Visitor: 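There's a structure below that I have some questions on.
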Protein chains: 2
Amino acid sequence: MDASTAETFRQNYSDAELRDAMELLFFSYRDFIGEPDAILDDFDFGRAHHRVIHFVGRNPNITVSDLLSILKITKQSLSRVLSQLVREDFINQEQGPTDRRQRLLSLTEKGYALEEKLSAHQRSRIAKAFNQAGPEAVDGFYQVLLNMMNNPKEFKRRETS
Amino acid sequence: MDASTAETFRQNYSDAELRDAMELLFFSYRDFIGEPDAILDDFDFGRAHHRVIHFVGRNPNITVSDLLSILKITKQSLSRVLSQLVREDFINQEQGPTDRRQRLLSLTEKGYALEEKLSAHQRSRIAKAFNQAGPEAVDGFYQVLLNMMNNPKEFKRRETS
DNA sequence: AATAATAAGTCAGTGTTATTGACATATATG
DNA sequence: CATATATGTCAATAACACTGACTTATTATT
(Lines give C-alpha, C1' and ligand atoms only; values in the text may rest on other atoms or scores of the structure.)
Protein backbone atom coordinates (compact mmCIF):
# COMPACT_ATOMS: atom_id res chain seq x y z
CA MET A 1 0.00 0.00 0.00
CA ASP A 2 1.69 3.19 -1.13
CA ALA A 3 1.13 6.72 0.05
CA SER A 4 -0.83 7.83 -3.00
CA THR A 5 -3.70 5.51 -2.22
CA ALA A 6 -3.61 6.04 1.50
CA GLU A 7 -6.35 8.65 1.29
CA THR A 8 -8.75 6.25 -0.37
CA PHE A 9 -9.05 3.81 2.51
CA ARG A 10 -12.52 2.99 3.56
CA GLN A 11 -12.60 4.49 7.01
CA ASN A 12 -15.76 2.82 8.22
CA TYR A 13 -16.07 -0.61 9.66
CA SER A 14 -19.35 -1.86 11.05
CA ASP A 15 -19.61 -2.96 14.64
CA ALA A 16 -20.25 -6.49 13.42
CA GLU A 17 -17.03 -6.46 11.40
CA LEU A 18 -15.10 -5.13 14.36
CA ARG A 19 -16.59 -7.81 16.60
CA ASP A 20 -15.51 -10.39 14.02
CA ALA A 21 -11.96 -9.16 14.39
CA MET A 22 -12.20 -9.27 18.19
CA GLU A 23 -13.30 -12.85 18.01
CA LEU A 24 -10.58 -13.84 15.57
CA LEU A 25 -8.02 -12.38 17.93
CA PHE A 26 -9.48 -14.37 20.79
CA PHE A 27 -9.50 -17.66 18.89
CA SER A 28 -6.08 -17.32 17.33
CA TYR A 29 -4.45 -16.23 20.57
CA ARG A 30 -6.20 -18.97 22.50
CA ASP A 31 -4.81 -21.60 20.16
CA PHE A 32 -1.42 -19.90 20.00
CA ILE A 33 -0.81 -20.00 23.73
CA GLY A 34 -2.57 -23.30 24.35
CA GLU A 35 0.25 -25.44 23.10
CA PRO A 36 3.37 -25.29 25.26
CA ASP A 37 1.41 -25.99 28.42
CA ALA A 38 2.11 -29.71 28.38
CA ILE A 39 5.87 -29.11 28.28
CA LEU A 40 5.64 -26.56 31.07
CA ASP A 41 3.74 -29.03 33.22
CA ASP A 42 6.73 -31.39 33.13
CA PHE A 43 8.81 -28.70 34.80
CA ASP A 44 6.01 -27.59 37.12
CA PHE A 45 6.08 -24.25 35.37
CA GLY A 46 3.21 -22.13 34.05
CA ARG A 47 2.69 -19.48 31.46
CA ALA A 48 4.30 -16.85 33.62
CA HIS A 49 7.56 -18.79 33.54
CA HIS A 50 7.23 -19.08 29.79
CA ARG A 51 6.86 -15.34 29.34
CA VAL A 52 9.87 -14.64 31.53
CA ILE A 53 11.98 -17.16 29.64
CA HIS A 54 10.89 -15.70 26.34
CA PHE A 55 11.65 -12.10 27.14
CA VAL A 56 14.92 -12.80 28.92
CA GLY A 57 15.91 -14.86 25.88
CA ARG A 58 15.07 -12.01 23.54
CA ASN A 59 16.72 -9.39 25.75
CA PRO A 60 19.92 -10.77 27.24
CA ASN A 61 21.17 -8.81 30.24
CA ILE A 62 17.81 -7.13 30.74
CA THR A 63 17.31 -5.55 34.16
CA VAL A 64 14.53 -6.66 36.48
CA SER A 65 12.74 -3.32 36.18
CA ASP A 66 12.86 -3.37 32.38
CA LEU A 67 11.42 -6.88 32.43
CA LEU A 68 8.68 -5.66 34.75
CA SER A 69 7.66 -2.90 32.39
CA ILE A 70 7.49 -5.31 29.46
CA LEU A 71 5.37 -7.81 31.34
CA LYS A 72 3.31 -5.16 33.10
CA ILE A 73 3.01 -7.16 36.28
CA THR A 74 4.11 -6.30 39.80
CA LYS A 75 7.50 -6.95 41.30
CA GLN A 76 5.97 -9.41 43.74
CA SER A 77 4.34 -11.40 40.96
CA LEU A 78 7.57 -11.59 39.01
CA SER A 79 9.55 -12.47 42.09
CA ARG A 80 7.91 -15.83 42.67
CA VAL A 81 8.48 -16.93 39.10
CA LEU A 82 11.92 -15.42 38.64
CA SER A 83 13.43 -16.70 41.86
CA GLN A 84 12.22 -20.18 40.95
CA LEU A 85 13.86 -19.94 37.53
CA VAL A 86 17.10 -18.69 39.06
CA ARG A 87 17.07 -21.33 41.79
CA GLU A 88 16.62 -24.11 39.23
CA ASP A 89 19.34 -22.67 36.98
CA PHE A 90 17.29 -21.60 33.98
CA ILE A 91 18.17 -17.97 34.42
CA ASN A 92 21.39 -16.32 35.49
CA GLN A 93 21.60 -13.10 37.45
CA GLU A 94 24.68 -10.95 37.53
CA GLN A 95 25.50 -7.61 38.99
CA GLY A 96 25.34 -4.66 36.60
CA PRO A 97 28.82 -3.55 35.53
CA THR A 98 28.20 0.18 35.97
CA ASP A 99 25.26 0.15 38.37
CA ARG A 100 25.82 -2.59 40.89
CA ARG A 101 22.26 -2.41 42.16
CA GLN A 102 21.06 -4.00 38.96
CA ARG A 103 20.69 -7.73 38.49
CA LEU A 104 21.13 -8.42 34.79
CA LEU A 105 19.17 -11.45 33.64
CA SER A 106 20.16 -13.92 30.97
CA LEU A 107 19.28 -17.49 30.05
CA THR A 108 21.60 -20.28 31.10
CA GLU A 109 22.21 -23.10 28.64
CA LYS A 110 19.48 -25.01 30.41
CA GLY A 111 17.19 -22.00 30.06
CA TYR A 112 17.99 -21.59 26.41
CA ALA A 113 17.25 -25.25 25.77
CA LEU A 114 13.88 -24.90 27.43
CA GLU A 115 13.07 -21.79 25.41
CA GLU A 116 13.88 -23.66 22.21
CA LYS A 117 11.65 -26.52 23.23
CA LEU A 118 8.81 -24.25 24.31
CA SER A 119 8.82 -22.03 21.28
CA ALA A 120 9.25 -24.81 18.73
CA HIS A 121 5.51 -25.44 18.44
CA GLN A 122 4.65 -21.78 18.35
CA ARG A 123 7.30 -21.02 15.76
CA SER A 124 6.14 -23.79 13.49
CA ARG A 125 2.54 -22.71 13.96
CA ILE A 126 3.43 -19.20 12.85
CA ALA A 127 5.63 -20.45 10.01
CA LYS A 128 2.72 -22.53 8.77
CA ALA A 129 0.33 -19.59 8.99
CA PHE A 130 2.82 -17.28 7.23
CA ASN A 131 3.46 -19.78 4.47
CA GLN A 132 -0.21 -20.45 3.91
CA ALA A 133 -1.14 -16.78 3.90
CA GLY A 134 1.76 -15.45 1.85
CA PRO A 135 4.16 -12.55 2.29
CA GLU A 136 1.66 -9.78 1.60
CA ALA A 137 -0.62 -11.14 4.26
CA VAL A 138 2.31 -11.27 6.66
CA ASP A 139 2.91 -7.58 6.04
CA GLY A 140 -0.72 -6.87 6.78
CA PHE A 141 -0.58 -8.94 9.94
CA TYR A 142 2.37 -6.83 11.13
CA GLN A 143 0.74 -3.54 10.21
CA VAL A 144 -2.56 -4.23 11.91
CA LEU A 145 -1.12 -5.69 15.09
CA LEU A 146 1.46 -2.92 15.39
CA ASN A 147 -1.28 -0.33 15.08
CA MET A 148 -3.23 -2.10 17.79
CA MET A 149 -0.46 -1.59 20.31
CA ASN A 150 -0.57 1.27 22.79
CA ASN A 151 3.03 2.03 21.99
CA PRO A 152 4.13 0.36 18.75
CA LYS A 153 7.73 1.38 19.41
CA GLU A 154 7.79 -1.09 22.25
CA PHE A 155 8.00 -3.79 19.60
CA LYS A 156 11.49 -4.10 18.18
CA ARG A 157 11.49 -6.17 15.04
CA ARG A 158 14.91 -7.80 15.03
CA GLU A 159 14.90 -9.32 11.62
CA THR A 160 13.41 -8.43 8.28
CA SER A 161 14.45 -10.11 5.12
CA MET B 1 -2.84 -12.82 -3.59
CA ASP B 2 -4.07 -15.00 -6.42
CA ALA B 3 -3.53 -18.69 -7.01
CA SER B 4 -0.99 -18.22 -9.81
CA THR B 5 1.57 -16.70 -7.49
CA ALA B 6 0.85 -19.01 -4.60
CA GLU B 7 3.72 -21.28 -5.60
CA THR B 8 6.28 -18.50 -5.40
CA PHE B 9 5.94 -17.78 -1.68
CA ARG B 10 9.10 -17.80 0.27
CA GLN B 11 8.61 -20.80 2.49
CA ASN B 12 11.39 -20.11 4.95
CA TYR B 13 11.23 -17.85 7.93
CA SER B 14 14.13 -17.61 10.34
CA ASP B 15 13.64 -18.42 13.99
CA ALA B 16 14.33 -14.78 14.79
CA GLU B 17 11.56 -13.66 12.45
CA LEU B 18 9.16 -16.16 13.94
CA ARG B 19 10.06 -15.00 17.44
CA ASP B 20 9.38 -11.45 16.31
CA ALA B 21 5.89 -12.49 15.37
CA MET B 22 5.39 -14.27 18.69
CA GLU B 23 6.32 -11.13 20.50
CA LEU B 24 4.07 -8.93 18.40
CA LEU B 25 1.18 -11.23 19.20
CA PHE B 26 1.96 -10.97 22.88
CA PHE B 27 2.18 -7.18 22.89
CA SER B 28 -0.85 -6.53 20.75
CA TYR B 29 -3.03 -8.98 22.63
CA ARG B 30 -1.84 -7.64 25.97
CA ASP B 31 -2.87 -4.13 24.98
CA PHE B 32 -6.05 -5.36 23.36
CA ILE B 33 -7.39 -7.05 26.47
CA GLY B 34 -5.98 -4.53 28.94
CA GLU B 35 -8.64 -1.93 28.39
CA PRO B 36 -12.11 -2.99 29.56
CA ASP B 37 -10.83 -3.98 32.99
CA ALA B 38 -11.73 -0.68 34.61
CA ILE B 39 -15.36 -1.00 33.53
CA LEU B 40 -15.52 -4.59 34.71
CA ASP B 41 -14.22 -3.57 38.11
CA ASP B 42 -17.26 -1.34 38.60
CA PHE B 43 -19.46 -4.42 38.30
CA ASP B 44 -17.09 -6.64 40.28
CA PHE B 45 -16.63 -8.70 37.17
CA GLY B 46 -13.45 -10.01 35.57
CA ARG B 47 -12.27 -11.06 32.17
CA ALA B 48 -14.10 -14.35 32.39
CA HIS B 49 -17.40 -12.49 32.62
CA HIS B 50 -16.38 -10.40 29.65
CA ARG B 51 -15.69 -13.46 27.52
CA VAL B 52 -19.02 -15.02 28.45
CA ILE B 53 -20.89 -11.82 27.66
CA HIS B 54 -19.12 -11.50 24.35
CA PHE B 55 -19.79 -15.03 23.12
CA VAL B 56 -23.37 -15.15 24.34
CA GLY B 57 -23.89 -11.83 22.57
CA ARG B 58 -22.46 -13.17 19.35
CA ASN B 59 -24.34 -16.47 19.62
CA PRO B 60 -27.83 -15.88 20.95
CA ASN B 61 -29.47 -19.02 22.32
CA ILE B 62 -26.18 -20.85 22.56
CA THR B 63 -26.21 -23.91 24.79
CA VAL B 64 -23.99 -24.22 27.84
CA SER B 65 -21.97 -27.03 26.31
CA ASP B 66 -21.38 -25.11 23.08
CA LEU B 67 -20.21 -22.14 25.11
CA LEU B 68 -17.88 -24.44 27.01
CA SER B 69 -16.27 -25.72 23.85
CA ILE B 70 -15.71 -22.20 22.57
CA LEU B 71 -14.14 -21.01 25.79
CA LYS B 72 -12.28 -24.28 26.38
CA ILE B 73 -12.69 -24.08 30.11
CA THR B 74 -14.36 -26.52 32.48
CA LYS B 75 -18.01 -26.59 33.40
CA GLN B 76 -17.15 -25.69 36.98
CA SER B 77 -15.17 -22.65 35.90
CA LEU B 78 -17.98 -21.42 33.72
CA SER B 79 -20.57 -22.13 36.38
CA ARG B 80 -19.35 -19.55 38.85
CA VAL B 81 -19.25 -16.80 36.26
CA LEU B 82 -22.42 -17.75 34.46
CA SER B 83 -24.60 -18.14 37.52
CA GLN B 84 -23.46 -14.74 38.69
CA LEU B 85 -24.39 -13.19 35.36
CA VAL B 86 -27.79 -14.90 35.42
CA ARG B 87 -28.44 -13.94 39.03
CA GLU B 88 -27.70 -10.29 38.29
CA ASP B 89 -29.82 -10.31 35.15
CA PHE B 90 -27.17 -9.86 32.48
CA ILE B 91 -27.90 -13.22 30.91
CA ASN B 92 -31.15 -15.05 30.39
CA GLN B 93 -31.54 -18.82 30.45
CA GLU B 94 -34.44 -20.62 28.86
CA GLN B 95 -35.28 -24.20 28.31
CA GLY B 96 -34.50 -25.60 24.84
CA PRO B 97 -37.66 -25.93 22.71
CA THR B 98 -36.89 -29.41 21.39
CA ASP B 99 -34.46 -30.66 24.03
CA ARG B 100 -35.65 -29.49 27.42
CA ARG B 101 -32.36 -30.41 29.09
CA GLN B 102 -30.70 -27.50 27.37
CA ARG B 103 -30.45 -24.04 28.87
CA LEU B 104 -30.26 -21.60 25.99
CA LEU B 105 -28.32 -18.47 26.86
CA SER B 106 -28.95 -14.97 25.62
CA LEU B 107 -28.14 -11.44 26.74
CA THR B 108 -30.77 -9.45 28.55
CA GLU B 109 -31.06 -5.76 27.72
CA LYS B 110 -28.84 -5.06 30.68
CA GLY B 111 -26.36 -7.60 29.36
CA TYR B 112 -26.42 -6.14 25.90
CA ALA B 113 -25.79 -2.66 27.28
CA LEU B 114 -22.78 -3.93 29.18
CA GLU B 115 -21.44 -5.69 26.11
CA GLU B 116 -21.71 -2.45 24.14
CA LYS B 117 -19.89 -0.55 26.82
CA LEU B 118 -17.18 -3.17 27.20
CA SER B 119 -16.48 -3.65 23.54
CA ALA B 120 -16.55 0.04 22.64
CA HIS B 121 -12.87 0.55 23.42
CA GLN B 122 -11.80 -2.63 21.74
CA ARG B 123 -13.86 -1.88 18.65
CA SER B 124 -12.41 1.58 18.30
CA ARG B 125 -8.92 0.22 18.85
CA ILE B 126 -9.43 -2.25 16.03
CA ALA B 127 -11.08 0.35 13.80
CA LYS B 128 -8.10 2.62 14.32
CA ALA B 129 -5.64 -0.17 13.53
CA PHE B 130 -7.63 -1.19 10.43
CA ASN B 131 -7.86 2.37 9.17
CA GLN B 132 -4.18 3.05 9.72
CA ALA B 133 -3.10 -0.18 8.10
CA GLY B 134 -5.48 -0.18 5.14
CA PRO B 135 -7.78 -2.80 3.64
CA GLU B 136 -5.06 -5.00 2.16
CA ALA B 137 -3.39 -5.22 5.53
CA VAL B 138 -6.72 -6.14 7.06
CA ASP B 139 -7.00 -9.03 4.61
CA GLY B 140 -3.54 -10.19 5.60
CA PHE B 141 -4.41 -9.93 9.27
CA TYR B 142 -7.40 -12.21 8.67
CA GLN B 143 -5.48 -14.70 6.59
CA VAL B 144 -2.60 -15.09 9.01
CA LEU B 145 -4.70 -15.31 12.16
CA LEU B 146 -7.13 -17.75 10.56
CA ASN B 147 -4.25 -19.99 9.55
CA MET B 148 -2.95 -19.86 13.10
CA MET B 149 -6.13 -21.41 14.47
CA ASN B 150 -6.34 -25.12 15.19
CA ASN B 151 -9.68 -25.20 13.44
CA PRO B 152 -10.22 -22.09 11.28
CA LYS B 153 -13.81 -23.15 10.66
CA GLU B 154 -14.56 -22.38 14.28
CA PHE B 155 -14.38 -18.72 13.31
CA LYS B 156 -17.53 -17.57 11.60
CA ARG B 157 -17.03 -14.23 9.94
CA ARG B 158 -20.45 -12.63 10.09
CA GLU B 159 -19.89 -9.64 7.92
CA THR B 160 -17.74 -8.88 4.91
CA SER B 161 -18.22 -5.85 2.82
C1' DA C 1 29.11 13.54 54.75
C1' DA C 2 24.30 13.38 55.09
C1' DT C 3 20.09 12.72 52.62
C1' DA C 4 17.23 11.24 49.11
C1' DA C 5 16.24 8.33 45.28
C1' DT C 6 16.58 4.04 42.86
C1' DA C 7 16.94 -1.20 42.00
C1' DA C 8 15.85 -5.20 43.82
C1' DG C 9 13.89 -8.34 47.03
C1' DT C 10 10.67 -10.03 50.68
C1' DC C 11 6.63 -10.83 53.95
C1' DA C 12 1.80 -11.17 54.55
C1' DG C 13 -2.75 -11.24 52.98
C1' DT C 14 -6.18 -11.40 49.23
C1' DG C 15 -8.80 -12.29 44.83
C1' DT C 16 -9.76 -14.18 40.18
C1' DT C 17 -9.69 -17.71 37.27
C1' DA C 18 -8.75 -21.86 36.38
C1' DT C 19 -8.19 -26.98 37.62
C1' DT C 20 -9.76 -32.15 39.12
C1' DG C 21 -12.92 -35.37 41.05
C1' DA C 22 -17.24 -36.84 42.61
C1' DC C 23 -21.90 -36.67 42.44
C1' DA C 24 -27.00 -35.15 41.52
C1' DT C 25 -30.99 -34.15 38.56
C1' DA C 26 -33.68 -33.93 34.59
C1' DT C 27 -34.41 -35.42 30.13
C1' DA C 28 -33.70 -38.01 25.93
C1' DT C 29 -32.64 -42.14 23.40
C1' DG C 30 -31.93 -47.06 22.50
C1' DC D 1 -35.90 -50.09 31.50
C1' DA D 2 -31.13 -48.90 30.90
C1' DT D 3 -28.01 -45.79 29.31
C1' DA D 4 -26.35 -41.52 27.62
C1' DT D 5 -26.51 -36.57 27.60
C1' DA D 6 -27.05 -31.62 29.35
C1' DT D 7 -26.63 -29.15 33.15
C1' DG D 8 -25.53 -27.99 37.80
C1' DT D 9 -23.13 -28.32 42.28
C1' DC D 10 -19.86 -29.42 46.28
C1' DA D 11 -15.18 -29.54 47.76
C1' DA D 12 -10.36 -29.03 47.43
C1' DT D 13 -6.46 -27.13 45.02
C1' DA D 14 -3.31 -24.33 42.13
C1' DA D 15 -1.45 -20.60 39.13
C1' DC D 16 -1.12 -16.05 38.76
C1' DA D 17 -2.13 -11.88 39.71
C1' DC D 18 -2.92 -7.95 43.17
C1' DT D 19 -2.03 -4.33 47.38
C1' DG D 20 0.61 -2.60 51.11
C1' DA D 21 4.50 -2.37 53.94
C1' DC D 22 9.12 -2.91 54.59
C1' DT D 23 14.41 -3.99 53.97
C1' DT D 24 18.97 -3.80 51.83
C1' DA D 25 22.32 -2.18 48.80
C1' DT D 26 23.82 1.24 45.92
C1' DT D 27 23.79 5.57 43.46
C1' DA D 28 22.79 10.42 43.00
C1' DT D 29 22.00 14.90 45.06
C1' DT D 30 22.57 18.60 48.12
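So that the names make sense, note that chain A is the first sequence line, chain B the second, and so on, each numbered from 1. Remember, predicted model here, so these are calculated numbers, not experimental data.
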Visitor: For Ser106(A), check side chain to side chain donor-acceptor pair (under 3.5 Å) against everything at least two apart and list the hits.
Guide: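 If we apply the side chain to side chain donor-acceptor pair (under 3.5 Å) test to Ser106(A), skipping adjacent residues, there are no hits.
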Visitor: For residues 42-50 of chain A, tabulate all N or O donor-acceptor pairs below 3.5 Å that involve a side-chain atom, not counting sequence neighbours.
Guide:
residue	atom	partner	partner atom	Å
Arg47(A)	NE	Asp37(A)	OD1	3.4
Arg47(A)	NE	Asp37(A)	OD2	3.4
Arg47(A)	NH2	Asp37(A)	OD2	2.7
His49(A)	ND1	Gly46(A)	N	2.9
His49(A)	NE2	Gln84(A)	OE1	3.0

Visitor: Does the gap between the ring centers of Tyr112(A) and Phe90(A) come in under 6.0 Å?
Guide: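 No: the rings miss the under 6.0 Å criterion.
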Visitor: Which residue lies toward the 5' end of DNA chain C, Leu104(A) or Gln76(A), if each is placed at its nearest nucleotide?
Guide: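 Looking at DNA chain C, the more 5' nearest nucleotide goes with Leu104(A).
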Visitor: Where is the tightest heavy-atom contact between Pro97(B) and Leu104(B), given as atom of each residue plus distance?
Guide: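 Scanning both residues, the minimum pair turns out to be CD-CD1, 3.7 Å.
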Visitor: Need one value for Ser83(B): base, sugar-phosphate or nothing, where a base atom within 4.0 Å counts as base even if backbone is also close, heavy atoms only.
Guide: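 No contact.
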Visitor: Who are the side chain to side chain contact (heavy atoms under 4.5 Å, CB included) partners of Glu35(A), not counting sequence neighbours?
Guide: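 Partners of Glu35(A) by the side chain to side chain contact (heavy atoms under 4.5 Å, CB included) criterion, ordered by chain and then number, come out as His121(A), Arg125(A).
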Visitor: Bend angle of the helix from dA1(C)-dT30(D) to dG30(C)-dC1(D) from five-pair axes at both ends, rounded to 10°?
Guide: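 One end's axis against the other's: 20°.
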Visitor: Describe the nucleic acid contact of Arg47(A) in one word from base, sugar-phosphate, nothing, applying a heavy-atom distance below 4.0 Å.
Guide: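 Here Arg47(A) touches the backbone only, sparing every base.
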Visitor: Would you please name every residue forming a salt bridge (Lys or Arg N to Asp or Glu O under 4.0 Å) with Glu23(A), sequence neighbours left out?
Guide: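 Expected list: Arg58(B), Arg158(B).
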Visitor: Provide, to the nearest angstrom, the distance between the CG atom belonging to Leu78(B) and the P atom belonging to dT9(D).
Guide: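 One finds 11 Å between P of dT9(D) and CG of Leu78(B), rounded.
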Visitor: To the nearest Å, how far apart are Asp37(A) CG and dC16(D) C1'?
Guide: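 Atom CG in Asp37(A) sits about 13 Å away from atom C1' in dC16(D).
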Visitor: On a heavy-atom basis, which atom in Asp20(A) and which in Tyr142(B) lie closest, and how many Å separate them?
Guide: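 Scanning both residues, the minimum pair turns out to be CB-OH, 3.5 Å.
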Visitor: Write out all pairs satisfying ring-ring contact (aromatic ring centres under 6.0 Å, His included) with one or both partners inside residues 58-89 of chain B, taking only residues at least two apart or from two chains.
Guide: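 Output for this query is empty, none listed.
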Visitor: Side chain to side chain contact (heavy atoms under 4.5 Å, CB included) with Ser124(B): which residues, sequence neighbours excluded?
Guide: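 Once residues adjacent in sequence are excluded, Ser124(B) has no partner under the side chain to side chain contact (heavy atoms under 4.5 Å, CB included) criterion.
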Visitor: Which nucleotide sits closest to the side chain of Thr74(A): dT7(D), dT19(D), dC16(D)?
Guide: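 The answer is dT19(D).
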Visitor: What residues from residues 29-36 of chain A pass a heavy-atom cutoff of under 4.0 Å to DNA chain C?
Guide: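 Per residue number, the list is empty: none.
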Visitor: Write down the distance between CD1 (Ile73(A)) and P (dT19(D)), rounded to a whole number of angstrom.
Guide: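 Atom-to-atom, Ile73(A) to dT19(D), this comes out as 12 Å.
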Visitor: Go through the steps to decide whether Phe141(B) and Phe130(B) satisfy the test ring-ring contact (aromatic ring centres under 6.0 Å, His included), and finish with yes or no.
Guide: CA-CA 9 Å; Phe141(B) 164 85; Phe130(B) 279 8; 5.5 Å; yes
Visitor: Report, as a single string ordered 5' to 3', how protein heavy atoms within less than 4.0 Å touch nucleotides 22-30 of chain D: B base, S sugar-phosphate only, - not at all.
Guide: ---BBS---
Visitor: State whether Arg51(A) places a side-chain N or O below 4.0 Å from either non-bridging phosphate oxygen (OP1 or OP2) of dA17(D).
Guide: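 So the side chain of Arg51(A) is within the cut-off, an N or O lying under 4.0 Å from OP1 or OP2 of dA17(D).
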Visitor: Is any side-chain N of the basic residue among Arg19(B) and Glu116(A) closer than 4.0 Å to the acidic one's carboxylate O?
Guide: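 Looking at Arg19(B) and Glu116(A), the cut-off is met.
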Visitor: Residues two or more places apart in sequence or in another chain: which of them pass side chain to side chain contact (heavy atoms under 4.5 Å, CB included) with Arg30(B)?
Guide: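 Counting only residues at least two positions away or on another chain, Arg30(B) forms a side chain to side chain contact (heavy atoms under 4.5 Å, CB included) with Lys72(A), Glu154(A), Phe26(B), Phe27(B).
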Visitor: 5' to 3' on DNA chain C, which nucleotides open and close the contacts with chain B (atom under 4.0 Å from a heavy atom)?
Guide: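 For DNA chain C, the relevant span reads dT17(C) to dA28(C).
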Visitor: I'd like to check the side chain to side chain donor-acceptor pair (under 3.5 Å) partners of Asn61(B); sequence neighbours left out, ordered by chain and number.
Guide: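 None.
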Visitor: Looking across every strand, which nucleic acid part, if any, lies under 4.0 Å from Gln93(B) by heavy atom: base, sugar-phosphate, or nothing?
Guide: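 Sugar-phosphate only.
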